[in-house]
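Notes follow once the structure below has been shown.
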Amino acid sequence: MPWDMNDYPASMKNMDSLVRKKAIDIANALLEDGYDEDRAIPIAQSQAKEWHQDASDEEKRAFEKEAVPTKHDEHESSSNEDLIDNDVEVFFEEDVWKVQTKGAERPAQTFDKKTDAVKRAKEMAANKESKVIIYKKDGSKQKEQTPD
């Protein structure tokens with residue numbers, strides 16, 4: 001069932017209103033793409049929190065001015081649906097550790113420390129119910145694991 005700013009999952013109750021607005025928008029788009037509520041909610045919450053953390057003040061102000069999500073909004077798929085269930089890779093390139101969904105054009109995030117990159121990859125994979133593939137600095141595969 002789609003949500004709006006007055007009727008949303010209980011797990012979004014304590015979110016900042018701007019983050020909640022983004023999470024509702026993402027969750028509604030995922031539902032429209034055929035995701036079950038049980039998967040759409042945690043994915044949307046994680047992506048909304050990440051967006052809020054990475055967005056500039058200008059982007060946040062612009063989104064704040066956009067219309068609030070409704071239960072009847074039409075969503076254009078801006079993400080590549082083929083990547084949604086793909087595994088998450090951690091690899092070293094250009095002097096940083098990168099966390100990237102397999103098949104994506106660019107990394108989701110970069111880190112100075114491998115441990116931080118692996119932690120983030122596990123979070124992403126857990127939300128997507130996929131695996132984490134970790135590579136060594138030399139590019140050889142270290143291990144593949146399913147997040148806890």
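Shown here for Val90 and Ala121, the closest heavy-atom pair between the two residues is CG2-CB, 3.4 Å. The shortest non-hydrogen separation linking Trp3 to Ala27 is CZ3-CB, 3.6 Å. Here the shortest heavy-atom pairing between Met124 and Val88 reads CB-CG2, 4.1 Å. Contact between Pro2 and Asn28 at its shortest, heavy atoms only, is CA-OD1, 3.4 Å. Closest non-hydrogen pair, Ala23 versus Ala44, comes out as O-CB, 3.3 Å.
Residue Asp7 places its CG atom among more than 12 non-hydrogen atoms of other residues, nucleotides or ligands, all under 6.0 Å distant. Other residues, nucleotides and ligands contribute only 12 or fewer heavy atoms inside 6.0 Å of the CG atom of Asp112.
Judged by distance alone, with hydrogens and angles left aside, the side-chain atoms of Lys21 form a donor-acceptor pair with the main-chain N or O of Phe63 at under 3.5 Å. Remark: side-chain polar atoms of Lys113 are not paired, donor with acceptor, to backbone N or O of Trp97 under 3.5 angstrom. Under a 3.5 Å cut-off, the side chain of Thr101 and the backbone N or O of Ala104 do not form any donor-acceptor pair. Judged by distance alone, with hydrogens and angles left aside, the side-chain atoms of Lys22 form no donor-acceptor pair with the main-chain N or O of Gln47 at under 3.5 Å. Looking at Asp36, its side chain never comes within 3.5 Å of a backbone N or O of Asp38 through a donor-acceptor pair. In this structure, the side chain of Glu37 does not engage the main chain of Leu31 through any donor-acceptor pair within 3.5 Å.
Interatomic distance, OG of Ser130 versus CD of Glu89, reported as 10.5 Å (0.5 Å rounding). Taking CE of Met12 as the start and CE of Met5 as the end, the distance is 10.0 Å to the nearest 0.5 Å. Rounding to the nearest 0.5 angstrom, the gap separating the NZ atom in Lys122 from the CD1 atom in Ile134 is 6.0 Å. Taking CG of Asp87 as the reference point, atom OG1 of Thr146 lies at 8.5 Å (rounded to 0.5 Å). Atom CG of Asp116 and atom OG1 of Thr110 lie 11.0 Å apart (nearest 0.5 Å). In this structure, CG on Asn86 lies 11.0 Å from NZ on Lys131, to the nearest 0.5 angstrom.
A donor and an acceptor atom, one from each side chain of Gln142 and Lys137, are nowhere located under 3.5 Å apart.
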*Could you walk me through whether Leu30 and Ile43 pass side chain to side chain contact (heavy atoms under 4.5 Å, CB included), step by step?*
CA-CA 9 Å; Leu30 290 171; Ile43 291 170; 3.6 Å; yes
*asked:* Could you walk me through whether Ser11 and Gln45 satisfy the side chain to side chain donor-acceptor pair (under 3.5 Å) test, starting with their C-alpha distance in whole Å, then the side-chain angles of each, then the deciding distance to 0.1 Å, before giving a yes or no?
replied: CA-CA 9 Å; Ser11 60; Gln45 288 177 278; 3.3 Å; yes
*Please lay out, stage by stage, how Trp51 and Lys60 fare under the test side chain to side chain contact (heavy atoms under 4.5 Å, CB included).*
CA-CA 9 Å; Trp51 168 81; Lys60 291 175 188 175; 4.2 Å; yes
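Taking hydrophobic clusters as Ile, Leu, Val, Met, Phe, Trp and Tyr residues chained together by side-chain heavy-atom distances below 4.5 Å, Val96 does not share a cluster with Tyr135. Follow the hydrophobic side-chain contacts under 4.5 Å out from Tyr8 and you reach Val19 in the same cluster. Val99 and Ile133 fall into different hydrophobic clusters, where Ile, Leu, Val, Met, Phe, Trp and Tyr residues are linked whenever their side-chain heavy atoms come under 4.5 Å apart, directly or through other members.
Remark: Lys98 is not positioned above the aromatic ring of Phe92, lacking an NZ or CZ atom under 6.0 angstrom from the ring centre and at most 45 degrees off the axis.
Counting heavy atoms from C-beta on, the side chains of Pro9 and Ile41 come closer than 4.5 Å.
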